[in-house]
Amino acid sequence: MKKVKINQIAGYAPAYTVSNDDLSQIMDTSDEWISTRTGIRERRISLNENTSVLCTKVAQQLIAKAQISVDEIGLIIVATMSPDACTPSTAALVQGQIKAPNAVAFDISAACSGFIYGMEIAQKMMRMSDFKYAIVIGGEVLSKEVDWTDRTSAVLFGDGAAGALLEANENVEAFAGTDLKTFGDLGDRLVAGETNPIGEFPPAKFTTFHPFKMDGRAVYKFATTEVPNSIERVCDYNHVSLDDVDYFILHQANIRIIKSIAKKLKQPLTKFPNNMERYGNTSAASVPLLLAEMNENGELHAGQTIVLSGFGGGLTIGSQIIKL
């Protein structure tokens, strides 16, 4: 069976920055209140670029870095919970913008676990097809789904996109194991973009779109309990020692969650890089954004073993071991 490697990694974030002090001008909050509870000090907000635009810029970077023809791309997957529209998919819009005529394109919705779910789907599809290259992107414009009067949720989120170009080959294998799990009975703990049936016919008004709502305590408990379990499962099943992992790149939701997970896994915090201080929670984009940033900084190199782990709406968890 053919092997799949990570050829390139790239990220993009909107230029407009909103600090905690900026938020304190429009709601009852402060930099101290936000940063001590979350580790977030600022976030990027997209004023005019929708999700497909952010994702297209990532795809263009990946193609330019790899110096490949768009005709060689067989698959585009976008993980998002903030698409441009219910249809067409964000991935289809990206496919059209980069003019990749041979690419099958679709979105997946697994919230903050979405990038890991997308990587798992892509690599398995590549093994069973003639796809030479696949693009997997996590992209979000969460600012359009947030109630900017709700300090319990609005302070957490930011916009951005990032992704990977996967390549089918004969020599290098990137994927060493994946653990995916869904907790649908806990789905109401984190909901965004909820809509309702029309209620009567003819309907008196358009369906109402509901902004973010989240049970922060429940999600915190879920993450600090289930994420260490998922990471231990994927490592144990694939005979990878936690001590041999170079980095644990987790969804950038909250610095307290990351510290708790590091403690439970009995691993040094230095193995858990973070960038939520500058980007906030970017849902499906957060894991690849951190990967892209570390790659640009020269922190990633061949031979490393990295565990990716996303967790969030669904509720879902996805943990994946990759070899660089």
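Note: hydrogens, waters and symmetry copies are ignored here, and every other heavy atom, side chains too, is used.
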Handout entry: Of all pairs that satisfy salt bridge (Lys or Arg N to Asp or Glu O under 4.0 Å), the ones with a partner from residues 277-289, not counting sequence neighbours
Key = R41-E277, R278-E293
Completion exercise
All heavy atoms of I40 vs all of N20, minimum pair found to be O-ND2, 2.7 Å
Handout entry: Short side-chain donor-acceptor distance under 3.5 Å, N7 and E167
Key = yes
Problem - Spacing of CD1 belonging to I322 relative to CG belonging to L300, to within rounding of 0.5 Å - result: 8.0 Å
Exercise for the section: Please step through side chain to side chain contact (heavy atoms under 4.5 Å, CB included) for the pair I68 and L165, ending with a clear verdict. Expected result: CA-CA 11 Å; I68 62 170; L165 177 72; 4.0 Å; yes
Practice task
Could you verify whether a donor N or O on one side chain and an acceptor N or O on the other, from S19 and D22, lie under 3.5 Å apart?
Solution key: yes
Exercise for the section: Identify the heavy atoms of T90 and D107 that sit nearest to each other, and give their distance. Expected result: N-OD2, 2.8 Å
Practice task
Measure the shortest side-chain to side-chain distance between M294 and I249 over non-hydrogen atoms and say whether it is less than 4.5 angstrom.
Solution key: yes
Check residues 95-105 and write down every donor-acceptor pair under 3.5 Å in which the side-chain atom is one partner and the other belongs to a residue at least two apart or another chain.
| from | atom 1 | to | atom 2 | distance (Å) |
| --- | --- | --- | --- | --- |
| Q95 | NE2 | A100 | O | 3.0 |
| Q95 | NE2 | A103 | O | 3.3 |
| N102 | ND2 | D71 | O | 2.9 |

Problem - Close side-chain approach of F175 to K124, heavy-atom, < 4.5 Å - result: no
Exercise for the section: Check the hydrophobic clustering (I, L, V, M, F, W, Y; side-chain heavy atoms under 4.5 Å; chains of links allowed) and say if M81 and Y279 are grouped together. Expected result: no
List, one per line, each side-chain donor-acceptor pair under 3.5 Å for residues 147-156, sequence neighbours excluded.
| from | atom 1 | to | atom 2 | distance (Å) |
| --- | --- | --- | --- | --- |
| D147 | OD1 | T149 | N | 3.0 |
| D147 | OD1 | T149 | OG1 | 2.6 |
| D147 | OD2 | T149 | OG1 | 3.3 |
| W148 | NE1 | S143 | O | 3.0 |
| D150 | OD1 | T152 | N | 3.1 |
| D150 | OD1 | T152 | OG1 | 2.6 |
| D150 | OD2 | T152 | OG1 | 3.2 |
| D150 | OD2 | S153 | OG | 3.0 |
| R151 | NH1 | D28 | O | 2.9 |

Problem - Other residues, nucleotides, ligands: >12 heavy atoms within 6.0 Å of F183 CZ - result: yes
Exercise for the section: Report yes or no: does D244 contribute a side-chain atom to a donor-acceptor pair with the main-chain N or O of V240 at less than 3.5 Å? Expected result: no
Fill in the blank from the handout: Residues at least two apart in sequence or cross-chain that pass ring-ring contact (aromatic ring centres under 6.0 Å, His included) with F311, listed by chain then number, are H251
Exercise for the section: Go through the structure and list residues passing side-chain hydrogen bond (donor to acceptor under 3.5 Å, both in side chains) with T282, not counting sequence neighbours. Expected result: none
Problem - salt bridge (Lys or Arg N to Asp or Glu O under 4.0 Å) contacts touching residues 176-200 (sequence neighbours left out) - result: D179-R233, E194-K213
Practice task
Using a cut-off of 6.0 Å, state whether more than 12 heavy atoms not belonging to N48 lie near its atom CG.
Solution key: no
Problem - Working for side chain to side chain contact (heavy atoms under 4.5 Å, CB included), residues Q252 and I258 - result: CA-CA 8 Å; Q252 301 292 289; I258 291 177; 3.6 Å; yes
Handout entry: Shared hydrophobic cluster, V78 / V53 (ILVMFWY, side-chain heavy atoms < 4.5 Å)
Key = no
Handout entry: Listed partners of Q61 passing side-chain contact (heavy atoms from CB on, under 4.5 Å), at least two apart
Key = A10, Y12
Problem - Smallest separation among heavy atoms of A162 and L289, with atom names - result: CB-N, 3.3 Å
Practice task
Measure from the side-chain N and O atoms of D84 to the backbone N and O of S52, and report whether any donor-acceptor pair falls under 3.5 Å.
Solution key: yes
Problem - Close side-chain approach of I321 and V234, heavy atoms under 4.5 Å - result: yes
Handout entry: Shortest non-hydrogen separation from G139 to C55 and the atoms involved
Key = CA-SG, 3.7 Å
Problem - L142 side, atom CG; N281 side, atom CG - distance, nearest 0.5 Å - result: 7.0 Å
Exercise for the section: Side-chain contact test, heavy atoms from C-beta onward, threshold under 4.5 Å: evaluate it for D246 versus L324 and give yes or no. Expected result: no
Handout entry: Minimum-distance pair of heavy atoms, taken over all atoms of G160 and A285
Key = O-CB, 3.4 Å
Problem - Joint cluster assignment, F212 & M27, ILVMFWY side-chain distance < 4.5 Å - result: yes
Problem - Student check: side-chain heavy atoms of K2 and F131 closer than 4.5 Å - result: no
Fill in the blank from the handout: So the side chain to side chain donor-acceptor pair (under 3.5 Å) pairs with at least one residue in residues 168-178 (sequence neighbours excluded) are E120-T178, R127-E173, T178-Q320
List, one per line, each side-chain donor-acceptor pair under 3.5 Å for residues 215-223, sequence neighbours excluded.
| from | atom 1 | to | atom 2 | distance (Å) |
| --- | --- | --- | --- | --- |
| D215 | OD1 | R217 | N | 3.4 |
| D215 | OD1 | A218 | N | 3.2 |

Practice task
Test E145 against S82 for side-chain hydrogen bond (donor to acceptor under 3.5 Å, both in side chains), laying out the working first.
Solution key: CA-CA 7 Å; E145 296 185 350; S82 55; 4.9 Å; no
Exercise for the section: Quick one: do I77 and F106 satisfy side chain to side chain contact (heavy atoms under 4.5 Å, CB included)? Show the steps, please. Expected result: CA-CA 5 Å; I77 298 176; F106 59 88; 3.8 Å; yes
Handout entry: Close side-chain approach of K144 and N50, heavy atoms under 4.5 Å
Key = yes
Handout entry: Sidechain N-carboxylate O distance under 4.0 Å for E49, R44
Key = no
Handout entry: Those residues that, when tested against T56, pass side-chain hydrogen bond (donor to acceptor under 3.5 Å, both in side chains) (two or more places apart)
Key = none
Handout entry: Reported CG-to-CD1 distance for the pair L180 and I121, which is rounded to 0.5 angstrom
Key = 8.5 Å
Problem - Common cluster, W33/I255, ILVMFWY with side-chain heavy-atom separation under 4.5 Å - result: yes
Problem - same_hphob_cluster(L290, V136) at 4.5 Å side-chain heavy-atom cutoff - result: yes
Could you give the side-chain donor-acceptor pairs of residues 260-268 under 3.5 Å, partners two or more places apart or in another chain?
| from | atom 1 | to | atom 2 | distance (Å) |
| --- | --- | --- | --- | --- |
| K264 | NZ | T224 | O | 2.9 |
| Q267 | OE1 | K271 | NZ | 2.8 |
| Q267 | NE2 | D243 | OD1 | 2.8 |

Practice task
Measure the shortest side-chain to side-chain distance between K65 and I9 over non-hydrogen atoms and say whether it is less than 4.5 angstrom.
Solution key: no
Practice task
Work out which heavy atom in P288 is nearest to a heavy atom in G163; give both atom names and the distance.
Solution key: CB-N, 3.9 Å
Exercise for the section: To the nearest 0.5 Å, tell me how far I108 CD1 sits from F115 CZ. Expected result: 10.0 Å
Practice task
Look only at the side chain of S230 and the backbone of V227, and say whether a donor-acceptor pair between them is shorter than 3.5 Å.
Solution key: no
Exercise for the section: For F248, check ring-ring contact (aromatic ring centres under 6.0 Å, His included) against everything at least two apart and list the hits. Expected result: F272
Practice task
Any chance you could lay out the side chain to side chain contact (heavy atoms under 4.5 Å, CB included) test for I137 and L54, step after step, and finish with the verdict?
Solution key: CA-CA 10 Å; I137 299 172; L54 272 58; over 6 Å; no
Practice task
Evaluate the side-chain proximity of L23 to R43: yes if any heavy-atom separation is below 4.5 Å, no if none is.
Solution key: yes
